[in-house]
Amino acid sequence: MEESREDHDDGSVARVAAIDIAKASGMVCLRVPHDTIEGRRVQQVWTVASTTNAILELGDRLLCQGVQRVVMEATGSYWRPFFHLLEARGLECWLVNARDVKNVPGRPKTDKLDAVWLAKLAERGMVRASFVPPKPVRQLRDLTRTRTVFIQERTRHKHRVDKALQDAQIKLSDVVSDLFGLSGRAMLDALAAGERNPQALADLAKGSLVKKKPALAEVLTGQFEEHHGRLLGVLLGTVDHLTAQVRELDRLIADLMEQTTAPHDGTGTGPHTGDTGTSSACEGVTTRELAECLDSIPGIGPATAQIILAEIGLDMSRFPTPEHLVSWAKLCPRTIQSGAKNTAGPAGKGNPWLKGALGEAANAAARTNTFLGARYRRIVKRRGHAKALVAVARSILVITWHLINDPDARYQELGADWHQRHLNPARKTRDLVRQLQAALGHQVTLAPTTAA
């Protein structure tokens with residue numbers, strides 16, 4: 001029999017407010033102790049419009065009631081005005097995942113009942129706050145996410161260009177690996193400008209494509225009409241516009257990262273958080289320098305480093321250990337225990353922006369002759385490609401935690417042969433014997449070597 005002792009502070013809150021948020025309004029439930037009767041609670045429920053003045057008035061009312069915590073569900077982006085305005089008023093705001101505060105099945109579901117249920121959970125300390133980064137990180141996150149969306153949209157329009165060429169029986173992508181490279185873009189611009197001579201288009205080839213001019217002339221012979229030319233011009237203009245917008249976002253991100261300072265206490269022991277909950281900044285440790293530090297990890301480039309910092313923030317005190325960060329990012333399996341049986345369940349969705357960036361970084365690191373590349377090749381043999389990539393992404397995130405937590409730390413490459421150098425000799429011998437017996441059918445007998 002296992003005994004457990006609960007802490008004296010069980011997380012309960014005496015004066016709490018909960019908000020069930022919709023697009024145009026929010027249902028507020030206030031629960032405070034009764035003035036005269038001990039153990040009794042007073043509950044008030046009312047509707048508040050989601051306008052700035054109404055939310056600020058709500059903040060003043062909650063402050064007058066001595067509310068210690070305001071809890072709200074993460075509903076789309078509608079929670080942002082309530083969270084930021086009430087937080088600016090000096091209230092402690094918690095954003096909770098709707099999955100964690102579902103009402104009891106079988107009970108009626110209304111906005112009022114949802115607000116009351118959320119308030120009861122909050123006053124008993126039965127909810128967990130979601131990670132909401134500070135304002136500079138939120139701004140950086142908006143810019144990096146917008147850039148990612150624009151890059152994805154630009155890629156879709158590039159695919160539409162190839163579809164338009166295929167419709168005109170122009171098989172340029174069969175010979176040119178990158179339609180928007182130097183040679184491919186010159187041919188596309190010429191087609192949109194009215195050039196139809198296949199040989200003249202093939203003469204625009206540069207570099208290694210010069211020796212493929214006969215093949216280019218063949219694939220550029222098709223049924224390209226004026227309709228295709230107008231459509232191609234529109235698509236190319238859209239691609240150029242998105243490229244210009246991506247460059248502008250790159251500039252805005254670089255400026256913001258130069259102005260943002262990572263919160264550290266200046267001792268090299270990680271972030272420092274005072275009693276007020278605000279982090280003191282260490283002069284000279286800018287977000288740009290942190291991104292350059294992350295850029296040293298195999299597979300991570302400047303854009304990926306910016307996305308990672310925007311998604312996990314700059315203060316690792318929110319994640320006491322690397323395992324906390326990995327669990328929050330949903331890069332580790334979920335343990336399911338039933339009786340004496342322990343199984344690993346699905347990891348979960350997690351942050352799609354962060355997991356997408358880490359997946360690209362892991363895919364790039366897997367092709368390198370580094371420790372991370374060797375880790376991928378070691379795991380992929382027995383677990384498959386997908387799980388090996390997740391394992392490498394987890395390793396990258398653990399390294400990232402250490403680099404952000406300690407501004408003086410630097411990434412040190414262990415080498416692709418690290419596993420071989422640290423492998424147990426007995427285990428290595430056993431594995432090699434098994435390979436000889438299973439693959440080649442040899443009967444292996446081992447004998448110790450004698451010194452000469």
Side-chain angles (χ1 to χ4, degrees), residues 1-12 74 94 96-106 121 124-131 299 308 311-312 316-359 361-363 365-366 371-402 405 414 418-420 422-435 437-438:
M1 179 177 178
E2 181 182 355
E3 295 183 0
S4 62
R5 183 177 60 186
E6 294 185 356
D7 295 335
H8 179 70
D9 184 11
D10 58 356
S12 59
W94 276 22
V96 298
N97 196 318
R99 179 196 60 219
D100 299 335
V101 294
K102 281 186 177 180
N103 207 335
V104 178
L121 293 178
R124 290 169 173 81
M126 299 175 65
V127 294
R128 295 181 299 174
S130 298
F131 170 49
I308 292 175
E311 296 302 329
I312 69 177
M316 291 297 101
S317 63
R318 297 178 179 273
F319 307 104
T321 64
E323 289 73 20
H324 285 81
L325 177 59
V326 169
S327 177
W328 174 80
K330 298 295 187 293
L331 288 177
C332 59
R334 182 166 54 94
T335 301
I336 301 176
Q337 181 181 6
S338 178
K341 183 179 180 181
N342 292 328
T343 58
K349 295 183 179 179
N351 186 326
W353 309 92
L354 176 61
K355 295 185 75 171
L358 289 175
N363 201 18
F371 168 78
L372 293 175
R375 175 168 171 77
Y376 168 82
R377 291 185 288 273
R378 188 166 180 261
I379 298 175
V380 71
K381 294 184 294 184
R382 65 181 189 275
R383 303 304 300 272
H385 174 71
K387 291 186 178 180
L389 280 185
V390 172
V392 175
R394 180 191 184 280
S395 298
I396 292 176
L397 193 58
V398 170
I399 297 171
T400 300
W401 184 93
H402 286 286
N405 190 60
L414 299 178
W418 188 89
H419 292 100
Q420 294 296 330
H422 291 77
L423 191 64
N424 187 347
R427 178 180 176 182
K428 185 175 182 180
T429 302
R430 181 195 64 195
D431 292 343
L432 292 176
V433 169
R434 285 180 177 176
Q435 291 178 20
Q437 292 177 345

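We number each residue from 1, following the sequence as shown.
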For the [atom1] atom of [X] and the [atom2] atom of [Y], what is their distance to the nearest 0.5 Å?
| X | Y | atom1 | atom2 | value |
| --- | --- | --- | --- | --- |
| Arg375 | Leu414 | CZ | CG | 11.5 Å |
| Ile312 | Arg318 | CD1 | CZ | 12.0 Å |
| Arg434 | Thr429 | CZ | OG1 | 12.0 Å |
| Ile399 | Phe371 | CD1 | CZ | 7.0 Å |
| Leu389 | Ile396 | CG | CD1 | 9.5 Å |
| Leu432 | Arg427 | CG | CZ | 12.0 Å |

Backbone N or O of Phe319 within a donor-acceptor pair of the Trp401 side chain at under 3.5 Å? yes
Would you check, one step at a time, whether the test side-chain contact (heavy atoms from CB on, under 4.5 Å) holds for Lys330 with Lys349? CA-CA 7 Å; Lys330 298 295 187 293; Lys349 295 183 179 179; over 6 Å; no
Please examine the side chains of Asn342 and Ile336, heavy atoms only from C-beta on, and report whether any two atoms are closer than 4.5 Å.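 Of all side-chain heavy-atom pairs linking Asn342 with Ile336, none is under 4.5 Å.
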Beyond-backbone contact of Tyr376 with His385, side-chain heavy atoms, under 4.5 angstrom: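 A side-chain contact under 4.5 Å exists here.
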Would Trp328 and Leu354 count as a side-chain contact (heavy atoms from CB on, under 4.5 Å) if you check the C-alpha gap in whole Å, the side-chain angles of each, and the deciding distance to 0.1 Å? CA-CA 11 Å; Trp328 174 80; Leu354 176 61; 3.8 Å; yes
Can you find a side-chain donor-acceptor pair between His324 and Ser327 that sits under 3.5 Å?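 No, because no side-chain N or O of His324 sits under 3.5 Å from a partner of the opposite role on Ser327.
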Atom CZ of Arg430 with >12 non-hydrogen neighbours under 6.0 angstrom: yes
How close do [X] and [Y] get, counting heavy atoms only, and between which atoms?
| X | Y | answer |
| --- | --- | --- |
| Ala329 | Lys355 | O-CD, 3.6 Å |
| Arg377 | Ala366 | NH1-O, 3.4 Å |
| Arg128 | Val96 | O-CG1, 3.3 Å |

With sequence neighbours excluded, residues passing side-chain contact (heavy atoms from CB on, under 4.5 Å) with Val326: Leu331, Cys332, Arg394, Leu397, Val398
Residues that Arg382 engages under side-chain contact (heavy atoms from CB on, under 4.5 Å), provided they are two or more places apart: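 Only Arg378, Ile379 meet the side-chain contact (heavy atoms from CB on, under 4.5 Å) criterion with Arg382.
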